[in-house]
Amino acid sequence: MTQQPTEPQAHAVHIDGQPGQATIRIAGEALPPGTVTGYILQHDISAALPTLILHTRQPDGVAFDGLARVAVGIPKTPSDVIVAFLAEIDPEQLDREALNRSDYGGGPAATARAMLQTLTEYAKNLDRTS
């Protein structure tokens, strides 16, 4: 997903969704048919406005009846997600946690197994916090 602007802008959005298709208008202008492949409308009750994420066929095409923060989602490949996850890992912390595991058994590939198990736990914890 592209980064949100520092001060999100609200746009009038209207979605007429039917199974298999949706007509989406932003500020009264309909998006061309086939531009949007999917959308996510999310509203946190404590937030003033919902957020609409559009998945599009082209990176610069952009699209509920009301005001929403609009972000255009560019689907990430699994490798993009993995690379981003691994880039955030502190190698020294991973080393310490893997070697200090209570289930660290030693033997061939024990360190690799411990590191993979630790990374798996990191990933599972991300799912719980998002």
Side-chain angles (χ1 to χ4, degrees):
M1 191 167 80
T2 59
Q3 292 184 356
Q4 291 184 347
T6 53
E7 294 181 28
Q9 299 177 1
H11 300 275
V13 177
H14 176 85
I15 299 173
D16 182 10
Q18 303 296 322
Q21 70 177 23
T23 302
I24 300 174
R25 296 180 179 276
I26 297 178
E29 292 191 35
L31 297 176
T35 301
V36 177
T37 60
Y39 64 89
I40 299 170
L41 182 61
Q42 180 179 355
H43 188 211
D44 177 355
I45 301 301
S46 64
L49 296 172
T51 298
L52 175 64
I53 300 171
L54 300 175
H55 296 275
T56 66
R57 292 194 190 281
Q58 48 191 328
D60 29 68
V62 192
F64 163 77
D65 196 5
L67 297 176
R69 292 184 181 101
V70 178
V72 178
I74 309 294
K76 291 184 177 183
T77 66
S79 63
D80 293 333
V81 174
I82 293 166
V83 167
F85 170 74
L86 292 174
E88 297 297 317
I89 301 298
D90 177 344
E92 291 180 9
Q93 180 180 351
L94 175 61
D95 195 41
R96 276 191 309 275
E97 290 185 22
L99 294 174
N100 290 322
R101 294 179 60 86
S102 62
D103 60 355
Y104 185 83
T111 302
R113 271 194 308 278
M115 287 185 165
L116 289 170
Q117 187 61 38
T118 302
L119 289 169
T120 300
E121 291 170 2
Y122 286 178
K124 287 178 181 177
N125 286 333
L126 286 177
D127 284 344
R128 288 187 209 122
T129 59
S130 50

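Given the structure is predicted, the values throughout are model-derived calculations rather than measurements. We number each residue from 1, following the sequence as shown.
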For residues Y104 and A114, report the shortest heavy-atom separation together with the two atoms involved. CD1-CB, 3.6 Å

Identify the heavy atoms of A22 and I15 that sit nearest to each other, and give their distance. CB-CG2, 4.5 Å

What is the distance from atom OG1 of T120 to atom CD of Q117, rounded to the nearest 0.5 Å? 5.5 Å

Would you give the length of the straight line joining atom CD of Q42 to atom CD1 of I53, rounded to the nearest 0.5 angstrom? 6.5 Å

Kindly work out whether a path of hydrophobic side-chain contacts (I/L/V/M/F/W/Y, heavy atoms less than 4.5 Å apart) joins L99 to L119. no

Linked, directly or transitively: V81 and L86 (ILVMFWY side chains, under 4.5 Å): no

Minimum-distance pair of heavy atoms, taken over all atoms of A98 and M115: CB-CG, 3.6 Å

Looking only at non-hydrogen atoms, find the nearest pair between G106 and R113 and report the distance. O-NH2, 3.8 Å

Have a look at Q93 and tell me which of I89, D90, D95 forms a side chain to side chain contact (heavy atoms under 4.5 Å, CB included) with it. D90

Distance alone, cut at 3.5 Å: any donor-acceptor contact between the side chains of E97 and Y122? yes

Can you measure from CD1 (I26) to NE2 (H14) and round to the nearest 0.5 angstrom? 12.5 Å

